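Worksheet for the structure shown next.
Model, not experiment: these values are computed from the prediction.
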Amino acid sequence: MLKLFVPGRLCLFGEHTDWAGHYRTMNADIMPGASIVTGIEQGIYAEVEKSPIFEMCSEAPQIGTLWHDFSCRMNEAELKRVAKSGSFFCYCAGVASYMLEWYKVGGVRIRITGMTLPMKSGLSSSAAICVLVARAFNLLYKLNLNTLGEMNIAYLGELRTSSRCGRLDQACAFGVKPNMMTFDGDEIEVKSLNVKKHLYWVFADLCAEKDTIKILSDLNKAYPFATTEAEENLHKALGEWNHEIVEKAIEYMASGDAEALGRLMTEAEAMFDKYVAPMSPALWAPKLHQVLKDPQIQPMVYGGKGVGSHGDGSVQFLARSAEDQQRLIEYLNAQGMAAYPLTLHPVHTVRKAIIPVAGFGTRLYPATRAMKKDFFPIPCPDGMVRPVILILLEELVKSGVEEICLVLGSEDERILYTEFFERPLSEEHLRKLNPEAQEYENRILAIGKRLHYVYQREKRGFGHAVYQAAEFAGNEPVMLLLGDTLYRSASNKPCALQLIEEYERYNQLMVSIHSIPLSDVSHYGILSGVWEDKERTILNVSSMNEKPKASYAEEFLGVRNSEGEKEYYSVFGQYILTKEVFDQLGADILQADTTGDTTREIELTAALEAVRQKNGMIGVRLDGRMYDMGNPQALITAVSEFSK
């Protein structure tokens, strides 16, 4: 049995541009639609499992009298009949019929355990239930659909009902985070957005009347070709003028300028009222404008606007603070409206990193009797010869990492690092260096000020070594690099920075990945999943398999490239670990200690897989190359190629 949560969605900017952008299939002069949409904190909670039939039941009191338990055979004709019936379950049946027709799946049992999402208020409760059904089939029957695939099926399933939903409604599939959605004919692109500071939204059901069907019917009359000046202005309002607003909104969210973002909301509403609202009498919205202009509200907000199809459906505000957010909710509720908070959180950027260097380097014996392998000299393209550890630390510093923890084997080893990174050269030694090298000496000492040290006194596996830095990590995301691996970016961004930037978009456990030949899969941990982007750089990881046989990998673990061929992906050697990973490692160590199995190795891979199953994992294909130095042949390759 799986537990699922799907939120509702709130369109912050760019309402109506999804269907307008679809008309590019008939008129290429129409600009693609652009919207900023976010999932909200309210949604639908459910438990799902396989069943011989399609059935839904509920124990959520929030649904009330609308609900009665429902079941139907997995029969295409029956499901389509329910979809057209207009009943409470028509949306669910529409998606189930699509799944049956195209994927030949069995049934599912969906039990709604909670629903905090208000219905019929412009927050896409129908889309959320459609995404929930699509996701249940996808996960239970291992269909390997990415998030966009689930979203498309939810949309097509809802179209089998009498509803005429927009493409942006199913944005709830992407969770509680802001995304920019672009609608170019039949093509949809989704890009996660960064938020610099906390943004405190409030949205509320106006508890008035709106006629979405009439609104859409009237506005669609101006498409695909404008025949009057008013229709031309509508095209611009949902096209080029909207693009200008969306671009500014992205800029303000990324810079944390909440005041400018609030003003932009008010400007967007004014443009809507001037050029869009006159096209439909159903967009006359006295309640909406009364609330937007309420003098009691103005001191608490930076700005406000309508929601969804507009009319007197819902209103949204950007509050000035968390306290103003709460006061505004209380005020709106007192006025007879149902108000809800939405706080967009900045993603905690990665300030810390861990490098385990506690190993003995036995595969490089006897050289490692005299020198730890992370001090092996590597010729670099600028002519300098650096130790491995310095190359790794410089990569982190260039990527904006502020504090770095080295996991050592014992306190005795620390002197090697303090001598190198903290003790200045003698005056005599310094004078013999050229001016460039003298300046570089200051950079080495500056790196030393960023270093922290912890110790793995028992050799109980890689995961055990990483866990020694749990206190250093705190509750922050932390980057993990391998102490015997070098990284060379193929762009002007270090590999570590590439990974950090993707973390700031997705806010999830991350591993860097690279493709390897099928013949080598038995030597590595192999990850498989589905690509989330057209460029095939973001992999939604669905499984991790440690050193599988080539035959198994070929049948089950291949990931399709742009030519449709199977590729096989292993970890590139850089990770961004979340708090959940350290919690899992701690639990694994406690279990081993409790059972007396203190010799069992605590593996990082097992902890990552446990967290992936609960919270998901993103694999990022970096633009660069890794050089493993853990064995003699790899060391030869690294020394000969890294200097180029």
Side-chain angles (χ1 to χ4, degrees), residues 2 4-11 18-19 22 37-40 42-48 54-58 60 63 66-67 70 72 74 76 78-103 105 107-141 143 145-176 179 181 183 188 190 212 216 308-309:
L2 299 176
L4 301 180
F5 169 73
V6 177
R9 71 101 183 103
L10 179 65
C11 182
D18 51 343
W19 59 259
H22 183 72
V37 191
T38 180
I40 59 178
Q42 295 73 31
I44 304 172
Y45 299 81
E47 294 178 348
V48 301
F54 180 60
E55 53 183 326
M56 300 192 67
C57 58
S58 172
I63 298 178
L66 288 172
W67 185 273
F70 163 82
C72 179
M74 284 299 288
E76 193 175 325
E78 285 189 35
L79 289 168
K80 285 183 175 179
R81 178 182 57 77
V82 176
K84 291 295 184 184
S85 69
S87 70
F88 187 75
F89 298 96
C90 64
Y91 302 107
C92 309
V95 176
S97 70
Y98 188 93
M99 282 292 189
L100 177 61
E101 180 178 353
W102 289 96
Y103 294 95
V105 292
V108 299
R109 182 176 188 268
I110 299 175
R111 183 165 65 93
I112 307 294
T113 57
M115 183 162 180
T116 55
L117 179 63
M119 293 183 285
K120 298 183 178 180
S121 56
L123 303 172
S124 293
S125 54
S126 61
I129 195 72
C130 288
V131 168
L132 176 68
V133 174
R135 185 160 294 165
F137 278 106
N138 182 31
L139 295 178
L140 290 172
Y141 288 96
L143 303 180
L145 296 167
N146 63 10
T147 308
L148 193 59
E150 291 177 345
M151 188 184 92
N152 284 333
I153 288 174
Y155 170 74
L156 294 169
E158 188 166 351
L159 286 184
R160 294 190 168 188
T161 73
S162 58
S163 170
R164 286 299 171 260
C165 55
R167 296 307 303 262
L168 65 77
D169 289 346
Q170 280 74 26
C172 53
F174 292 92
V176 186
N179 294 281
M181 301 183 70
F183 309 95
I188 299 178
V190 182
T212 301
L216 294 175
S309 57

What residues, two or more places apart in sequence or in another chain, satisfy side chain to side chain contact (heavy atoms under 4.5 Å, CB included) together with [X]?
X: Glu101; answer: Glu76, Lys80, Arg160
X: Asn179; answer: Phe174, Lys177, Val190, Ser192
X: Ala96; answer: Phe54, Leu79, Phe137

Approximate separation, where rounding is to 0.5 Å, of [X] [atom1] and [Y] [atom2]:
X: Lys84; Y: Ser97; atom1: NZ; atom2: OG; answer: 9.5 Å
X: Ser58; Y: Met56; atom1: OG; atom2: CE; answer: 8.5 Å
X: Tyr45; Y: Leu132; atom1: OH; atom2: CG; answer: 12.5 Å
X: Glu55; Y: Cys72; atom1: CD; atom2: SG; answer: 11.0 Å
X: Ile188; Y: Phe183; atom1: CD1; atom2: CZ; answer: 6.0 Å
X: Met99; Y: Leu140; atom1: CE; atom2: CG; answer: 10.0 Å

Full working for side-chain contact (heavy atoms from CB on, under 4.5 Å) between Arg109 and Cys57: CA-CA 8 Å; Arg109 182 176 188 268; Cys57 58; 3.5 Å; yes
Partners passing side-chain hydrogen bond (donor to acceptor under 3.5 Å, both in side chains) against Arg111 (at least two apart in sequence or in another chain):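 Arg111 satisfies side-chain hydrogen bond (donor to acceptor under 3.5 Å, both in side chains) with Glu47, Glu59 once adjacent residues are dropped.
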Sequence-distant partners of Asn146, side-chain hydrogen bond (donor to acceptor under 3.5 Å, both in side chains), two or more places apart: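 side-chain hydrogen bond (donor to acceptor under 3.5 Å, both in side chains) check on Asn146 returns nothing, list empty.
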Check against side-chain contact (heavy atoms from CB on, under 4.5 Å), Leu216 and Trp19: CA-CA 9 Å; Leu216 294 175; Trp19 59 259; 3.5 Å; yes
Trace of the side-chain contact (heavy atoms from CB on, under 4.5 Å) decision for Ile129 with Val131: CA-CA 5 Å; Ile129 195 72; Val131 168; over 6 Å; no
Within residues 147-157 or reaching into it, pairs that qualify as salt bridge (charged side-chain N to carboxylate O under 4.0 Å, His left out) - sequence neighbours excluded: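 Only Arg135-Glu150 qualify under salt bridge (charged side-chain N to carboxylate O under 4.0 Å, His left out).
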Steps toward side-chain contact (heavy atoms from CB on, under 4.5 Å) verdict (Val48, Val108): CA-CA 7 Å; Val48 301; Val108 299; 5.7 Å; no
Closest approach of Cys90 to Ala83 (non-hydrogen atoms, all atoms of both residues):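 Answer, listing the atom of Cys90 first, then Ala83: CB-O, 3.3 Å.
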Minimum heavy-atom distance Tyr141-Gly107, with the two atoms named: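 Nearest heavy atoms, Tyr141 then Gly107: OH-O, 2.7 Å.
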Are the side chains of [X] and [Y] in touch, meaning some heavy atoms are under 4.5 Å apart?
X: Ile153; Y: Tyr103; value: yes
X: Leu4; Y: Leu139; value: yes
X: Val37; Y: Leu10; value: no

